[in-house]
Amino acid sequence: MAASPLVYLPDSKLRLVSAPVERVDDEVKALVATMYETMYDAAGIGLAAIQIGVAKRVVTIDLAGKDEAPQPLTLINPEIVKASDERQVYDEGCLSIPDYYEEVERPARVTVRYLDETGAQKEIEADGLLAVCIQHEIDHLNGVLFIDHISRLKRDRVVKKFEKARAVGELPSFPRRDKRDRAAPETVEA
Ligand code: K1U
Ligand code: ZN
């Protein structure tokens, strides 16, 4: 299975609300395989199907480091059923907004109900980076981007930069940053 091209800001597809998967059939399994190829190829820790142009509620995640065995987690039709009052902050990035990072505050722990790649219903309790990543990906399924959680000024600035770059058929460049580590999110004092 080959990787698919990524969809970048300001593509309007990123604002679509993705449709629930009715049945985990061979077509969905093929989509999941393509998503893992694309995510690993792009060195991401997560991917929503809409980021490759498919408006279905499918997410792939793998937080394993370069030297660790893969830990793929497939979430189909994920739903947050519980979120903590406690919050945490993480410097988020997005494969659809390359090389741009900004701090986002979200619930520190979430419980998520989903279907796995066999169609079985599961529940997972997540904290730390996994909680950040799951919430970031579920946002994608609802047409929400991490830049929607930052100030309007910063958001307008980054959107303009990507609009200008698209007009000349490029992606924008940002000041060079070290390759992201899997740093731990920081808890926010109440
Ligand atoms: O959905 C996506 O765009 C993938 C995104 C997931 C994500 C990263 C960081 C915080 C929240 C959600 C990425 O994988 S961006 C790649 C990246 O910058 C990164 C990779 C490893 C650790 C941290 C960030
Ligand atoms: Zn993203």
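Just so you know, these numbers come straight off a predicted model, no measurement behind them. Quick note: numbers below take in every heavy atom, side chains included, and nothing from hydrogens, waters or symmetry partners. Sequential numbering from 1 along the given sequence is applied to the chain's residues. Counting starts at 1 for both ligands and their atoms, in listed order.
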Undergrad: So which of the N, O or S atoms of H136 lies nearest the Zn ion (ligand 2)?
TA: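 Closest N, O or S atom of H136 to the Zn ion (ligand 2): NE2.
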
Undergrad: Looking at P78, is its backbone amide N or carbonyl O close enough to the side chain of R113 to form a donor-acceptor pair, meaning the two atoms are under 3.5 Å apart?
TA: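 Side chain of R113 to backbone of P78, a donor-acceptor pair under 3.5 Å: no, none is there.
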
Undergrad: Does any N or O atom in V132 lie less than 3.5 angstrom from one in ligand 1, N or O only?
TA: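 Among all N and O atoms of V132, none is under 3.5 Å from an N or O of ligand 1.
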
Undergrad: Looking at ligand 1, is there an atom of it that comes within less than 4.0 Å of some heavy atom belonging to Q51?
TA: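 Checking ligand 1 against Q51, which is what was asked, there is a heavy-atom contact under 4.0 Å.
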
Undergrad: Output yes when a side-chain donor or acceptor of T38 lies under 3.5 Å from a complementary backbone atom of S4, and no otherwise.
TA: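 The answer is yes, because a donor-acceptor pair under 3.5 Å joins these two groups.
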
Undergrad: Go through ligand 1 atom by atom and flag the ones less than 4.0 Å from a non-hydrogen atom of G46.
TA: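 Matching atoms, with element in brackets: 1 (O), 2 (C), 4 (C), 14 (O).
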
Undergrad: Tell me the side chain to side chain donor-acceptor pair (under 3.5 Å) pairs involving residues 6-20, sequence neighbours left out?
TA: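 Non-adjacent pairs meeting side chain to side chain donor-acceptor pair (under 3.5 Å): R15-D148.
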
Undergrad: Is the terminal nitrogen or CZ of K161 (NZ for Lys, CZ for Arg) located under 6.0 angstrom from the six-membered ring centre of F174 and within 45° of that ring's axis?
TA: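 Checked: cation-pi criterion met.
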
Undergrad: Which ligand 1 atoms does Y90 reach within 4.0 Å, using its non-hydrogen atoms?
TA: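 Taking each heavy atom of Y90 in turn, ligand 1 has 10 (C), 23 (C) under 4.0 Å.
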
Undergrad: Of C94, P185, G93, which has the heavy atom at the shortest distance from atom 7 (C) of ligand 1?
TA: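 Considering heavy atoms of C94, P185, G93, the nearest to atom 7 (C) of ligand 1 sits in G93.
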
Undergrad: Tell me the closest heavy-atom pair linking L145 and L14, and the distance in Å.
TA: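 Looking at all heavy atoms of both residues, the shortest contact is CD2-CB, 4.3 Å.
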
Undergrad: Going by the order shown, which atoms of ligand 1 are within less than 4.0 Å of some heavy atom of E137?
TA: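 Taking each heavy atom of E137 in turn, ligand 1 has 1 (O), 2 (C), 4 (C), 6 (C) under 4.0 Å.
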
Undergrad: With nothing but distance in play, are any N or O atoms of L95 less than 3.5 Å from an N or O of ligand 1?
TA: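 Between L95 and ligand 1, an N or O pair is found under 3.5 Å apart.
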
Undergrad: With the threshold set at under 4.0 angstrom, would you say F146 reaches ligand 1 through any of its heavy atoms?
TA: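 It does not; every heavy atom stays at 4.0 Å or beyond.
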
Undergrad: Provide the number and element of each atom of ligand 1 under 4.0 Å from a heavy atom of Y101.
TA: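 Here the atoms of ligand 1 in question are 18 (O).
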
Undergrad: Just by distance, do the side chain of E123 and the backbone of Y114 share a donor-acceptor pair under 3.5 Å?
TA: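 Not confirmed, E123 side chain does not pair with Y114 backbone.
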
Undergrad: Which residue pairs pass the ring pair (Phe, Tyr, Trp, His ring centres under 6.0 Å) test with at least one member in residues 50-75, sequence neighbours excluded?
TA: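 Qualifying pairs, neighbours excluded: none.
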
Undergrad: Any N or O on H136 sitting closer than 3.5 Å to an N or O of ligand 1?
TA: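 Yes, H136 has an N/O under 3.5 Å of an N/O on ligand 1.
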
Undergrad: Looking at every heavy atom in both V112 and I134, which two are closest together, and how far apart are they?
TA: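 Closest pair (atom of V112, atom of I134, distance): CG2-CG2, 3.7 Å.
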
Undergrad: Can you list the ligand 1 atoms lying under 4.0 Å from a non-hydrogen atom of G44?
TA: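 The list of qualifying atoms is 14 (O).
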
